[in-house]
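Please read the structure below before turning to the comments.
All residue numbers in this chain count up from 1 along the given sequence. Both ligands and their constituent atoms are indexed starting at 1 by order of listing.
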Amino acid sequence: MRQQPFGTGGPQVPVIGQGTWYLDRGDRRRAIAALQRGIDAGMTHIDTAEMYGDAELVIADAISGRRDGVFLVSKVLPSNASHRGTITACERSLQRLKTDYLDCYLLHWRGSYPLEDTVAAFEELVAAGKIRSWGVSNFDNHDLDELLAVSGKGRIACNQVLYHLQERAIEHAVIPWCEKYGVAVVAYSPFGHDEFPSPRSAGGELLQSIADGHKATPRQVTLSFLARAPGVFPIPKASSADHAAENAGAGNLTLSAGEISAIDKAFRRGPKPHGLPML
Ligand code: NAP
């Protein structure tokens with residue numbers, strides 16, 4: 001599995017990670033087995049959030065005995081992101097995840113608490129050793145400008161944003177902003193949540209033909225396309241171990257310039273929307 005720095009000066013993190021939204025909804029043992037198969041295959045970056053029901057509890061079981069081999073990320077809800085509320089929410093997540101530190105802690109989306117308060121809490125958590133870094137999610141480039149003015153350079157580890165073949169809005173301004181300031185881009189819902197191109201569509205047929213040339217699958221081709229720019233980390237969610245193993249296989253797949261250009265034409269980027277799309 002290819003690894004790359006998680007933001008400038010950040011630790012090496014595998015290019016493909018694992019999402020966990022709705023992972024608590026099905027059979028728990030199956031979910032644990034999927035996460036573990038993913039970790040075994042190199043997808044050690046695990047993304048969760050206090051919002052994701054019991055996902056943090058499922059992860060605690062999946063990483064039991066191997067915490068230090070995992071890059072663990074959770075998120076505070078905007079409604080909890082006051083100075084005190086952020087610290088309490090983090091402590092709650094640590095308890096549920098049965099760990100004493102997070103590798104990265106994110107503000108899930110921008111809410112009404114001043115960024116100064118949330119950032120001050122994040123920095124306090126870093127100083128206390130409860131989190132190793134912090135970042136944000138669903139921030140557009142102008143939100144990132146405001147955040148940078150509060151935090152100063154070199155403090156924002158990542159921005160986690162919606163990115164899949166049919167939703168490429170972040171390519172206009174968010175990815176360039178993050179590249180400029182050395183901030184990792186974590187690509188959520190890389191399969192469109194539940195809207196992966198049908199095999200019978202023109203785009204689906206293209207993905208299959210590119211996949212055939214690499215003895216790969218359309219989903220692996222998709223993840224490799226999304227991760228083509230340095231510093232981008234897709235985090236597919238899988239509740240089946242076979243799906244997890246397939247997704248991990250994308251971590252060693254490199255597409256040619258011609259293949260990238262064909263996918264680019266089949267799934268148009270489109271104009272920059274007014275607001276940043278999010279789920
Ligand atoms: P996704 O990863 O785009 O798609 C998940 C769906 O794809 C599930 O139905 C899953 O099925 C299926 N799938 C996965 N691998 C597959 C494979 N190899 N073959 C066939 N089907 C496969 O959707 P997502 O969960 O919305 O996004 C991923 C993660 O991003 C989330 O879990 C969460 O951690 C994060 N996220 C963050 C935000 C945010 O606001 N920050 C918002 C949304 C998501 P099975 O479960 O049956 O395997």
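Residues satisfying the ring pair (Phe, Tyr, Trp, His ring centres under 6.0 Å) criterion with Y101, sequence neighbours excluded, are absent altogether.
In this structure, ligand 1 sits under 4.0 Å from heavy atoms belonging to G19, T20, W21, D47, Y52, K75, H108, S137, N138, Q160, Y188, S189, P190, F191, G192, H193, D194, R219, I235, P236, K237, A238, S239, S240, H243, E246, N247.
Applying the ring-ring contact (aromatic ring centres under 6.0 Å, His included) definition to pairs two or more places apart or across chains, none involves residues 260-279. Within the structure, the side-chain hydrogen bond (donor to acceptor under 3.5 Å, both in side chains) test picks out the following pairs touching residues 117-136 (sequence neighbours left out): H83-E124, E91-K130, E123-W134, E123-R155.
Figure legend: cation-pi geometry between R168 and Y163 absent, as NZ or CZ is not positioned both under 6.0 Å from the six-membered ring centre and within 45° of its axis.
No more than 12 heavy-atom neighbours from other residues, nucleotides or ligands sit within 6.0 angstrom of CD on E195. Around atom CD of Q166, more than 12 heavy atoms belonging to other residues, nucleotides or ligands sit under 6.0 Å away.
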